[in-house]
2 protein chains.
Amino acid sequence: MDELTERQRYLLTLIIHDYIQHAHPVGSKYLVNEFNLGLSSATVRNELSTLDEKGYLRQPHTSAGRVPTEDGYRYFVGHLLQNTELPSPTRHMIAHQFYQMPYDVEQWMRLAASILAQHSHAASVVTAPHPEEARFKHLELIQTRGRQVLMILVLQGGEVDQQYITLTEPVSQQQLSEAAQSLTNRLVNASADQVGHMALNLSGLEQDIARLVLQEMKSVNINPMGEVFLDGISHVLAEPEFVDSEDARMAIRSLEERSILRDLLVSSHPTSEVGGVQVLIGGEGTRDELRQCSLILTQYGVPGMVTGMLGVMGPMRMPYGRSISTIRFLSSLLSDLVEDTLTEA
Amino acid sequence: MDELTERQRYLLTLIIHDYIQHAHPVGSKYLVNEFNLGLSSATVRNELSTLDEKGYLRQPHTSAGRVPTEDGYRYFVGHLLQNTELPSPTRHMIAHQFYQMPYDVEQWMRLAASILAQHSHAASVVTAPHPEEARFKHLELIQTRGRQVLMILVLQGGEVDQQYITLTEPVSQQQLSEAAQSLTNRLVNASADQVGHMALNLSGLEQDIARLVLQEMKSVNINPMGEVFLDGISHVLAEPEFVDSEDARMAIRSLEERSILRDLLVSSHPTSEVGGVQVLIGGEGTRDELRQCSLILTQYGVPGMVTGMLGVMGPMRMPYGRSISTIRFLSSLLSDLVEDTLTEA
DNA sequence: GTTAGCACTCGATTGCTAAGAGTGCTAATT
DNA sequence: AATTAGCACTCTTAGCAATCGAGTGCTAAC
């Protein structure tokens, strides 16, 4: 069930490219004419027939042309897709957009999601960089009213968590500032566990605050990813396979419910992988909602330290080449940005 | 073109309710049977005919039942919709969800968007509370690396803006903290203009920072709304009027591009209004993309001080009653929360 | 003002046919 | 042994006519 002849591989490539572009079953005669193969349609038919037997193609009905199967796409992505890079002008344009932006993670994320959606003509998912293990950097406490206090916790890597907390009794801004500064000095660079230990040696206000910091850091540790940014949902609806809208609804629904994303991004499913980029075809290994879809995912950031994910969701009939190149380029770009953020002066 | 008899109003109400529920043209015979009118279908036909002439109903084709026109919906919303409140248990359930949440604006927004989408079976839009005019409350500066500094600006009303800034030369955390504290003392409660004036009397680091604060506050003043939260996009796709997907794509696209929302939320279009809630039917006064849609919008917060918007976008055939009650209830709930935030101890 | 009755309209459904696209198979060719 | 021409077969699609039925408007009677 394995080896394909050179010609079969070529034909499979042609069919997939053509089908991705036109969304129409492609037949033997059409192939011969369109691509000036020096062959007769009958020969091509024989080849298609074996491709069919091997499970890479199928016919929607007896008298239709061929359409790639999931396995077909998988073979294509795994063996036939040459590993192109984004053209240099495009790369520069994208990089330029990032570097002329204010230094703001949220805006980077939005930009990345937008670019990704635009280049892949599909829905994009980007998660904010998230530390593998939270490490304390800085704490601020700001009085709002009465016992309510805004706690701002900055982690190594630049993640900023803000949270309103309620103390047991009113405290002046003066006291809060002192506590914050004292804790900041004590806790710099501490992990959650270390914060936990240190909290034992504290008392009063500082201990209360330290416990809240601990709690927040723990929840950062547990939560496997940062904020999720979506874009390009409307692209998915433009695809002909989603005109009946039922499937489209399911797919979009799964994006809206970020919980599914969580599962997806966290567990790495064994599947096609092209240079660090995961390709899930036909929603393999995920829930049924995505059976019609393909996903392209990759991690960015500094492994083991601070990472985030980039992803594209579209129909199986998706421009894999372009999507993969874009995702790979964005991944390296964001990785650089994250790395910059990490290497403290 | 104005006065309708009681019976005509009743029939119009029945038709609209039924059409909203079933999305099928409703005919005279069906009405008589279904609702036990003590009338013959012929009589009803006469009435429908005048309703037709007045422009409140129309027939998709000669031999079909009646369907409400935009004007029909408008009349319904303006004159026939009795101003129901959400049932008390529902109100309590919703309120409970809010009050058992951590005190966090972002989470409130998400929750509001989610509840709104769920109750209206349509797409919801919620913007974060945004001050009419920014007033300074607190400033923090946190060293990240070299000349790069995280500036956290807290405004009266609780809005927190964070931004990475780059100084002309490296400064120690010590100096930053002092500058932040000094500025905070000086600027408390200042408007953007006042910050501008005070900046003139400062020098060195403090002046640089004050200018950045000014800039940020100005941009808050210019930007008419806070962050936008969407939910329930997939609901829109479920509606039969959007199966052909082209219109749906347009509509969703307009939501994705928040710029359109801006136009929409900022300019208040003269239109049906029910107790402070604006109802735009058939996308009146907006761009063509929303011609198929209705929007229900309202403001919440403390007028003139801190406000945000709540909105629902769905097909014209939309459960106006429920959507309006939900939106109104959420609006009062969020207003209370915002007010709480404002009334400092 | 209401109603029964009737002719009429027009979308939806059904059944049929013809055209067309594409296949698989076989036998002839290289 | 691979290629090809030819042909029978299958199945979708478009088009067309016939029928059905829901729903209307109108008129005349109550």
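Chain identifiers are assigned alphabetically (A, B, ...) following the order of the sequence lines, protein sequences preceding nucleic acid strands; residue numbering begins at 1 within each chain.
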Open item on the list: Is it the case that the side chain of Arg91(B) and the backbone of Phe329(B) share a donor-acceptor pair, with hydrogens and angles ignored and the cut-off at 3.5 Å?
Closed with: no
- [ ] Give, ordered by number, those residues of residues 14-23 of chain A having at least one heavy-atom distance below 4.0 Å to an atom of DNA chain C; if nothing qualifies, reply none.
- [x] none
- [ ] Check whether any side-chain N or O of Arg58(B) sits under 4.0 Å from OP1 or OP2 of dT24(D), and answer yes or no.
- [x] no
- [ ] Sugar-phosphate means primed atoms, P, OP1 and OP2; the rest is base. With that split, encode nucleotides 24-30 of chain C 5' to 3' as B, S or - using protein heavy atoms under 4.0 Å.
- [x] B------
- [ ] Would you kindly give the NE2-to-C1' distance between His24(A) and dT13(D), to the nearest whole Å?
- [x] 12 Å
Task: Interatomic distance, Leu57(A) CG vs dT23(C) P [rounded to whole Å] - done: 10 Å
- [ ] Take the angle between the ring planes of Tyr73(B) and Tyr320(B) and call it parallel below 30°, perpendicular above 60°, tilted in between.
- [x] tilted
Task: Mutual orientation of the aromatic rings belonging to Tyr56(A) and Tyr75(A) [parallel < 30°, tilted 30-60°, perpendicular > 60°] - done: tilted
Open item on the list: Checking Ser234(B) against Glu256(A): is there a side-chain donor and acceptor pair closer than 3.5 Å?
Closed with: yes
Open item on the list: Tell me which residues in residues 25-37 of chain A lie within less than 4.0 Å of DNA chain D, going by non-hydrogen atoms.
Closed with: none
Open item on the list: For a 4.5 angstrom cut-off between non-hydrogen side-chain atoms, does Leu37(A) reach Tyr10(A)?
Closed with: yes
[options] screened by side chain to side chain contact (heavy atoms under 4.5 Å, CB included) with [X], the one that passes:
X         : options                         : answer
Arg328(A) : Thr84(A), Val277(A), Leu86(A)   : Val277(A)
Leu230(A) : Ile252(A), Leu255(A), Val126(A) : Leu255(A)
Leu48(A)  : Gln59(A), Arg66(A), Gln8(A)     : Arg66(A)

Task: Residue pairs involving residues 22-47 of chain A (criterion salt bridge (charged side-chain N to carboxylate O under 4.0 Å, His left out); sequence neighbours excluded) - done: Arg7(A)-Glu47(A)
Task: Summary of salt bridge (charged side-chain N to carboxylate O under 4.0 Å, His left out) pairs that have at least one residue in residues 310-321 of chain B, sequence neighbours excluded - done: Glu239(B)-Arg317(B), Glu241(B)-Arg317(B)
Give me the distances for all protein-to-nucleotides 9-19 of chain C N/O pairs that come in under 3.5 Å?
{"residue": "dC10(C)", "atom": "OP1", "partner": "Thr62(B)", "partner atom": "OG1", "Å": "3.4"}
{"residue": "dC10(C)", "atom": "O2", "partner": "Ser63(B)", "partner atom": "OG", "Å": "3.0"}

Open item on the list: To the nearest 0.5 Å, what is the distance between OG on Ser323(A) and CG on Leu310(A)?
Closed with: 12.0 Å
Task: CG-CG distance between Leu51(B) and Asn46(B), expressed to the nearest 0.5 angstrom - done: 12.0 Å
TODO: Look at atom CZ of Arg291(A) and say whether more than 12 heavy atoms of other residues, nucleotides or ligands are closer to it than 6.0 Å.
DONE: no
